[in-house]
Amino acid sequence: MNHIYYEPNCLFLRAMSIPTKYQPKEAEDKWYSYWLENNFFRSVPDEREPYTIVIPPPNVTGVLHMGHMLNNTIQDVLIRRARMKGKNACWVPGTDHASIATEAKVVAMLKERGINKKDIGREKFMEYAWEWKNKYGGIILEQLKKLGASCDWDRTRFTMDADLSDAVTDTFIHLYKKGWIYRGIRMVNWDPQGKTAVSDEEVIRKEVNQKLYYIRYKVVNSELSMANKNSNIHHSLLTIDHLTIATTRPETIMADTAVCINPNDERYKHLHGKKAIIPLINREIPIILDEYVDMEFGTGCLKVTPAHDLNDYELGQKHQLPVIDILNDDGTLNEKAQVLVGEDRFAARKKIIPLLGEAGALEKTEDYKSQIGFSERTDAVIEPKLSMQWFCKMDEMARPALDSVLKGDIKLIPDKFINTYRYWMENVKDWCISRQLWWGQRIPAWYNEKGNWVVAKTQKEAEEQFLISNFESRNLKQDEDVVDTWFSSWLWPISVFDGFKDPNNSDINYYYPTNDLVTAPEILFFWVARMIMAGHEFRGEVPFRNVYLTGIVRDKIGRKMSKSLGNSPDPLELIEKYGADGVRVGMLLSSPAGNDLMFDEKHCEQGRNFANKVWNAFRLVKGWKVDDNTVNRNETAIAWFGSRFSEALADIESNFAQYRLSEALMATYKLVWDDFCSWYLEMIKPDFGQPVDKETYDSTVSFFEDVLKILHPFMPFITEELWHDAEVFGERAAKDCCIVAKMPEIGQIDTQLLRGVESVKQVITEIRNTRNNKQISPKQALKLSVRANSGTDYSIYNGIITRMANISEFTPVAQRIAGVAGFVISQDEFYVPLNENNDPAAERERLLKEKEYLQGFLRSVEAKLGNERFMQNAKPEIIENELKKKADAEAKLKAIDENLRGLAG
RNA sequence: GGGAGCAUAGCUCAGCUGGUUCAGAGCAUCUGCCUUACAAGCAGAGGGUCAUAGGUUCGAACCCUAUUGCUCCCACCA
């Protein structure tokens, strides 16, 4: 779309050696290193007010995705703004060890090399894992730098740093001593792929199409079966009946320990006290009675499998049923299953169906939809499994954490999340904190050979405790499990400032509580709620004041961006293509807090175009020659933009105060593009080849400085680049960088002037419109007259109007001018005599149309004013407004009537 | 099954305590322009029964009720 023959024209431009398009790449590298070299991101406590953000630590092995882009752009905007407002801004970066995800990656890596995790043992495995971490762990942080993230990199932390791990151990012991951490056998969510337990929150439920299998169990006549106890072979001959159960998991029938029916179920009264026989393995199980069974569902007969279903487990406990666990940790069937041993649970499900068929036990299958739990990290289907785990009691910690949100000590933005937060906190369950992994902080519990155990920080301390309690303390072994990753990340806002190691150090005292937390609503409970609990428990204070919840980044047709769908653009490629500033603007343009972001590359394009606009506005100003002898004719324009800037700034500030970042950006965008470029610069632009007067130039340069400042948090690179143009701004010392410039403050706002210019803009638009309609070239100067009925003095706008609308002569008149094109702006009549003949008929039509509209308007206003109840109930200022509307409309109608009469005459 | 939220222009969203004929912005679209900063641009224009149906009110996009459609969260029905 570039006009090839246009570019060479640039050669004729004076002082226009800079390209017509902003080149982001070079500026980005240059200024990011410059900022680093000059320690602008570094924060140490001082006398200033702190402004602190701790980054939601990304997975150490992760790579940057669009969610990170959005999240970190927001944080950077907030932190840069705070820095420019004179606060001591501190953004603490870091990464999370993400035990299950990282361990899975390391296991996969080892597998590729033909190494099995179990064979090499824990120590060797950890060596590999650290090696992996050191190799890939920094990638995502390096990527954040490309985005312009102004983190204090000297403070970079990792959740498995020695100090942070110590904090985990110490808090574990602390909570254990309080009685809030306990150990027990429970049904947990087992991830057969990660081979670990996961917490309830890490289970994602999805609706899945399944089959419901109807399986026939023979029923044994109890007396006969007793009599023939020793002749299993003849079971089938002795059965007198059968029952049918419905299940989605036929591969678990070998673990059944009962069949349950509702005692009130008339259909099955004859089964009371009898026994059923599991098909294929022919094991006898009791038929028990419990009202838990829904008579409506399936056949009304429920197979009870305590080892592989939470409800069945509870039912089993109640009826003291044995537990038969037929699954290995990896989800394959073990020898207790007797059939299909070694098969994976899903393979077994497929294979058992023909077996049941052959045995005559399969009655029918039905399609069936139900919710199934998947592991958040590995996406494996969760298997309920009975095992010994560590738990953390949550109810007591939840209470203050709920209060601080309900009382508003912590604000959720947007606040619609308060409801969900409350629901969760009021129904909080104990947290399963142990994980059967190696990558993470090991549980500080020690066991002797007899199975006695203590909780202690070191083996030595454990031995001492064993001695005190007179237990055998030889050959102590530490618990093999590690704690849940979130058991370290919930300490993050405290641990990054060494608040556990040294609870009274100057950093934690200065930076804590932090100000804003920017994160996704998905981890509101996982992470945010638990951080609040930890804040109360370990510091007696909330960890942050505001939680800005971002939405999910989706593609433009609303699908969540994911690797598997391949619909996620590579953020670094986007930066390459549109520049970091362009991408930042693109991300922020349409993403109000809490709303999902329908990502479209077009937004980045818009961001890039905006950067280019700023760049070219700068080229314009840079190209001007200043002449001290030229007179300033732009006082009005300068005064206007000063006011307009303050007005817009007030709006921007208010948007920021409410965390409406996209609106703050849009307000900035419009101020710069429309008010500054399209209006102000056009108003004051000297004619080609003409110099600009000193006053206008200085004011414009100063305005430009302010514009760069308010743009900086959104577009750090281009602003810093232009900021350092020595020709325009003079040489700047390092300490005077844009990144640390003082944000402009809201100045005087001359509302009368603002309103006047708004009218003037309308006048100019009308004239341009007239040109468009009548196909008059903008180059052809026109004459303009005004009959100022409103009393407005247009003389101060003379320069603006003549320049912007190419008017050769702008004169006030006392009488209306007949037979001339015209328009009315707030009671004032404007006339544009045109050279060619007017079309009186068309003009008349236009006037009649406007008259009709005004009459309708007047009628509605008069109706209101004539309404007694309105006059009684409406606020006085509303009524006053209506009266003014009436007067305006009447004046306009009068002018139109006069014009119509003129046309007629 | 329970709870919450949303529905405004082709798209993404504003619309704050009901009150300018209130229906807005950006993008996209259309028309005319290579006007000496910028065609990644300039100037102008056209787009909407505010999901549907009722109600409250002098007055409703806004408050209430119902309906429809979508989204999210929570929940053990095999």
Side-chain angles (χ1 to χ4, degrees), chain A residues 1-3 5-6 9-10 12-14 16 20-22 205 212 245-249 260 292-294 296-299 301-305 309-312 314 368 370-371 384 416-417 419-420 423-424 427 521 524-525 552 556 558 582 589-592 594-598 600 602-603 605-606 608-623 658 660 662-663 666-667 669-670 677-678 681-682 685 687-689 765 768-769 771-773 775 777-779 806 853-854 856-857 860-861 863-864 867-875 877-879 881-882 884-885 888-889:
Chain A
M1 261 180 285
N2 249 327
H3 297 265
Y5 50 91
Y6 181 67
N9 279 353
C10 291
F12 301 107
L13 303 179
R14 79 229 123 100
M16 285 286 156
T20 62
K21 289 179 174 61
Y22 167 56
R205 299 200 167 266
L212 193 57
I245 56 99
T247 180
T248 54
R249 302 204 58 190
C260 189
Y292 162 77
V293 175
D294 180 354
E296 306 295 312
F297 189 89
T299 59
C301 295
L302 171 72
K303 79 195 233 352
V304 184
T305 321
D309 185 281
L310 181 58
N311 299 300
D312 290 10
E314 280 162 10
Y368 183 67
S370 76
Q371 299 270 343
K416 66 175 177 185
F417 288 104
N419 281 338
T420 14
Y423 181 84
W424 192 77
N427 296 283
L524 190 56
F525 311 128
I552 295 168
K556 59 182 165 184
L589 264 175
S590 72
S591 90
N595 274 24
D596 285 358
L597 168 66
M598 302 296 170
D600 191 336
K602 273 186 181 161
H603 294 138
E605 207 178 307
Q606 193 182 349
R608 177 202 60 183
N609 294 355
F610 184 43
N612 202 230
K613 185 69 187 178
V614 175
W615 181 259
N616 277 297
F618 194 80
R619 284 177 73 230
L620 173 68
V621 175
K622 186 179 161 75
Q658 297 167 78
R660 299 177 167 195
S662 50
E663 288 193 49
M666 187 44 75
Y669 178 94
K670 284 196 274 194
C677 295
S678 296
L681 288 178
E682 293 296 337
K685 185 161 86 174
D687 288 334
F688 178 68
T765 302
R768 284 171 176 170
N769 206 355
R771 285 182 192 278
N772 244 337
N773 292 338
Q775 298 194 304
S777 158
K779 286 175 188 161
N806 193 14
Y853 167 87
L854 278 168
F857 175 74
S860 83
V861 174
K864 252 187 212 180
N867 185 327
E868 260 178 59
R869 295 219 256 175
F870 172 75
M871 299 304 281
Q872 277 165 15
N873 295 325
K875 280 174 274 182
E877 57 267 33
I878 301 287
I879 294 175
N881 205 358
E882 293 297 316
K884 187 173 173 295
K885 272 155 60 180
D888 276 9

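In what follows, chains are A, B, ... by sequence order, proteins preceding strands, each numbered from 1.
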Give me the distance, rounded to whole Å, that separates B:G5 from B:A66 when you measure between the P atoms they each carry. 14 Å
If the sugar-phosphate is the primed atoms plus P, OP1 and OP2 and the base is the rest, what is the B/S/- string for nucleotides 7-15 of chain B, using protein heavy atoms under 4.0 Å? -----SSSS
Expressed as a whole number of Å, how far does the P atom of B:C11 sit from that of B:C50? 16 Å
Contacts of A:F618 that satisfy ring-ring contact (aromatic ring centres under 6.0 Å, His included) - sequence neighbours left out: A:F704, A:F729
Could you list the residues that satisfy side-chain hydrogen bond (donor to acceptor under 3.5 Å, both in side chains) with A:K613, not counting sequence neighbours? none
If the cut-off is 4.0 Å, is A:N609 near the phosphate of B:G41, judged by side-chain N/O to OP1 or OP2? yes
Of all residues at least two apart in sequence or in a different chain, which pass the salt bridge (charged side-chain N to carboxylate O under 4.0 Å, His left out) check with A:E663? A:R660
From B:A78, B:A37, B:G26, pick the nucleotide closest to the side chain of A:T248? B:A78
Quick check for you: among B:A45, B:A78, B:G26, whose closest atom lies nearest to any side-chain atom of A:N769? B:A45
Of the listed nucleotides B:G44, B:C58, B:A37, the one nearest the side chain of A:T765: B:G44
What's the gap between B:G48 and B:G24 when it is taken at their P atoms, as a whole Å value? 12 Å
To the side chain of A:L302, which of B:A37, B:A78, B:A25 is closest? B:A78
Using a cut-off of strictly less than 4.0 Å, decide whether A:R768 has a side-chain nitrogen or oxygen near OP1 or OP2 of B:G44. yes
Test side-chain hydrogen bond (donor to acceptor under 3.5 Å, both in side chains) applied to A:Q658 - qualifying residues, sequence neighbours left out: A:S654
Salt bridge (charged side-chain N to carboxylate O under 4.0 Å, His left out) against A:E682, all qualifying residues, sequence neighbours excluded: A:K685
Indicate, with a heavy-atom threshold strictly under 4.0 Å, whether A:C677 touches base, sugar-phosphate, or nothing. base
Is the phosphate of B:G41 approached by A:K21 (side-chain N or O, under 4.0 Å from OP1 or OP2)? no
Residues in ring-ring contact (aromatic ring centres under 6.0 Å, His included) contact with A:Y669, at least two apart in sequence or another chain: A:F610, A:W673
Enumerate the protein-to-nucleotides 3-5 of chain B contacts in which both atoms are nitrogen or oxygen and the separation is below 3.5 Å.
none

Within the side chain of A:N616, is there an N or O that forms a donor-acceptor pair under 3.5 Å with the backbone of A:T20? yes
Among B:G19, B:C76, B:C38, which is the nearest nucleotide to the side chain of A:F870? B:G19
Closest nucleotide among B:A78, B:U21, B:C42 to the A:S678 side chain: B:C42
Got a sec, which residues hit ring-ring contact (aromatic ring centres under 6.0 Å, His included) with A:Y368, two or more places apart in sequence or on another chain? A:F297
Work out how far the P atom of B:C27 is from that of B:A43, and round it to whole angstrom. 12 Å
Quick check for you: among B:U21, B:A37, B:U35, whose closest atom lies nearest to any side-chain atom of A:N616? B:A37
Give a yes/no on whether any side-chain N or O of A:K864 is located under 4.0 angstrom from OP1 or OP2 of B:U20. no
Where the side chain of A:R619 is defined as all heavy atoms beyond and including C-beta, which of B:U21, B:A37, B:A43 is the nearest nucleotide? B:A37
Pick base, sugar-phosphate or nothing for A:Y368, based on heavy-atom distances below 4.0 Å to the nucleic acid. sugar-phosphate
For A:N867, answer base if it contacts any base atom (sugar-phosphate contacts may also be present), sugar-phosphate if it contacts only those atoms, and nothing otherwise; contact means non-hydrogen atoms under 4.0 Å. sugar-phosphate
Would one find a side-chain N or O of A:K685 under 4.0 angstrom from OP1 or OP2 of B:A37? yes
Given B:G26, B:C76, B:A43, the nucleotide with the shortest approach to the side chain of A:Q606: B:G26
Suppose we screen for side-chain hydrogen bond (donor to acceptor under 3.5 Å, both in side chains). Which residues come up paired with A:R249, at least two apart in sequence or across chains? A:E251, A:E383
Stems involving RNA chain B: give each as a range paired with a range, ordered by first number, where a stem means at least three consecutive Watson-Crick or G-U wobble pairs under 3.5 Å. B:1-7 with B:68-74, B:10-13 with B:24-27, B:29-33 with B:41-45, B:51-55 with B:63-67
Picking from B:A78, B:U21, B:C76, the nucleotide nearest the side-chain atoms of A:N311 would be B:C76
When we call it a touch if two heavy atoms are under 4.0 Å apart, what does A:Q371 touch: a base, just sugar-phosphate, or nothing? base
Select base, sugar-phosphate, or nothing to describe what A:Y669 touches, counting heavy atoms under 4.0 Å on all strands. sugar-phosphate
Return the set of residues passing salt bridge (charged side-chain N to carboxylate O under 4.0 Å, His left out) with A:R768 (not counting sequence neighbours), or none when no residue passes. none
Could you please spell out the steps behind the side chain to side chain contact (heavy atoms under 4.5 Å, CB included) verdict for A:L302 and A:Y292? CA-CA 10 Å; A:L302 171 72; A:Y292 162 77; 3.7 Å; yes
